[in-house]
Amino acid sequence: MLKGLLFFAGVIMVGTLSENLLRRKLDIPKTKGLIYRGVSTLHRWTERIMLLIYIICLMIFDFSMGLFLAFIILFFAFRTYMEWRYEREKKEYLITMHFVTVFPLLIAGGYKMNIF
């Protein structure tokens, strides 16, 4: 349990540091606020529906790392596409794309090392 919490804290630290570095290197301003706002009504509603489907799947099936990783990848890949499609000039999609590739790899690595 402690190993998992320490690993999760490490993943958060690596993600935060790499995001800050990427923002500085590519000159992408930090977004304001803690709550993410979708780029369009379609985007907001599609993310809500995806989240609802994931919650229903959790009620039907037991939690599995594969289901979790598939949801994270699909959810943030969709977010990356919507940001690229509607707000390309802000370049926020590059940060989301970074997240959708790095976070699942770190979590899958921790799972393979039997940390969870």
Side-chain angles (χ1 to χ4, degrees):
M1 177 73 169
L2 180 62
K3 230 174 24 173
L5 290 174
L6 289 174
F7 181 77
F8 188 67
V11 167
I12 297 294
M13 283 178 37
V14 166
T16 303
L17 291 173
S18 64
E19 177 186 341
N20 289 337
L21 179 68
L22 195 58
R23 282 188 187 280
R24 263 188 267 131
K25 188 145 185 96
L26 299 175
D27 195 30
I28 301 171
K30 183 100 170 122
T31 55
K32 293 181 175 138
L34 293 174
I35 297 175
Y36 179 80
R37 295 191 184 269
V39 295
S40 69
T41 304
L42 172 66
H43 179 208
R44 287 188 289 273
W45 277 104
T46 305
E47 281 193 357
R48 290 175 188 152
I49 291 168
M50 289 171 77
L51 186 60
L52 182 64
I53 290 170
Y54 178 68
I55 291 170
I56 291 170
C57 285
L58 284 178
M59 287 184 219
I60 295 171
F61 307 110
D62 289 336
F63 174 81
S64 73
M65 190 56 68
L67 179 64
F68 175 70
L69 288 175
F71 171 73
I72 291 293
I73 290 169
L74 286 174
F75 187 85
F76 285 100
F78 175 73
R79 181 175 283 185
T80 300
Y81 172 74
M82 294 302 281
E83 289 172 347
W84 174 80
R85 177 90 166 98
Y86 291 103
E87 292 184 343
R88 195 173 302 180
E89 66 281 350
K90 289 186 178 180
K91 298 189 281 187
E92 190 68 32
Y93 67 93
L94 295 171
I95 302 296
T96 309
M97 189 184 319
H98 171 71
F99 177 80
V100 80
T101 54
V102 171
F103 183 73
L105 289 174
L106 290 172
I107 295 301
Y111 187 72
K112 283 290 188 187
M113 294 186 315
N114 293 323
I115 291 178
F116 301 110

Using the side chain to side chain contact (heavy atoms under 4.5 Å, CB included) rule, take Y86 and H43 through it: C-alpha gap first, then chi angles, then the decisive distance, then the call.
-> CA-CA 10 Å; Y86 291 103; H43 179 208; 5.9 Å; no
* side chain to side chain contact (heavy atoms under 4.5 Å, CB included) between L51 and F71: does it pass, once the steps are laid out? -> CA-CA 9 Å; L51 186 60; F71 171 73; 3.9 Å; yes
* Asked: Taking it one step at a time, do M97 and W84 satisfy side chain to side chain contact (heavy atoms under 4.5 Å, CB included)?
  -> CA-CA 10 Å; M97 189 184 319; W84 174 80; over 6 Å; no
TODO: Under the side chain to side chain contact (heavy atoms under 4.5 Å, CB included) rule, what do L58 and L67 come out as? Steps first, then yes or no, please.
DONE: CA-CA 9 Å; L58 284 178; L67 179 64; 4.2 Å; yes
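Under a cutoff of 6.0 Å and an axis angle of 45°, R79 and F99 do not form a cation-pi pair.
Note on Y93 and Y36: same hydrophobic cluster, where clusters join Ile, Leu, Val, Met, Phe, Trp and Tyr whose side-chain heavy atoms are under 4.5 Å apart, directly or indirectly. When the side chains of ILVMFWY residues are joined at heavy-atom separations under 4.5 Å, either directly or via intervening members, L21 and V11 end up in two distinct hydrophobic clusters. Transitive grouping of hydrophobic side chains (ILVMFWY, heavy atoms separated by less than 4.5 Å) brings V100 and V14 into a common cluster. A single hydrophobic cluster is not seen to contain both I53 and F75; linkage of ILVMFWY side chains at heavy-atom distances under 4.5 Å, directly or through other members, places them apart. With hydrophobic clusters built from ILVMFWY side chains whose heavy atoms lie under 4.5 angstrom apart, I60 does not share a cluster with L69.
Note: T96 OG1 to F78 CZ = 12.5 Å, rounded to the nearest 0.5 Å. Note: L94 CG to R23 CZ = 10.0 Å, rounded to the nearest 0.5 Å. The distance from atom CE of M13 to atom CG of L6, rounded to the nearest 0.5 Å, is 10.5 Å. How far NZ of K30 is from CZ of R24: 11.5 Å, rounded to the nearest 0.5 Å. Note that the CE atom of M82 and the OG1 atom of T80 stand 11.5 Å from one another [nearest 0.5 Å]. For the atom pair OG of S18 and NZ of K25, the computed distance is 13.5 Å after rounding to the nearest 0.5 Å.
Nearest heavy-atom pair across F103 and I72 is CD2-CG2, 3.9 Å. Residue K91 comes nearest to I28 through the heavy atom pair O-CD1, 3.3 Å, listed as atom of the first residue, atom of the second, then distance.
Counting heavy-atom neighbours within 6.0 Å of R48 CZ, excluding the residue itself, gives a total above 12. In this structure, R37 places its CZ atom where only 12 or fewer heavy-atom neighbours from other residues, nucleotides or ligands lie under 6.0 Å away. For NZ of K90, the number of neighbouring non-hydrogen atoms (other residues, nucleotides, ligands) closer than 6.0 Å is 12 at most.
One N or O on the side chain of T101 and one on the backbone of H98 form a donor-acceptor pair closer than 3.5 Å.
Two residues are said to be in side-chain contact when any heavy atoms from C-beta on lie closer than 4.5 Å; L22 and I95 meet this criterion.
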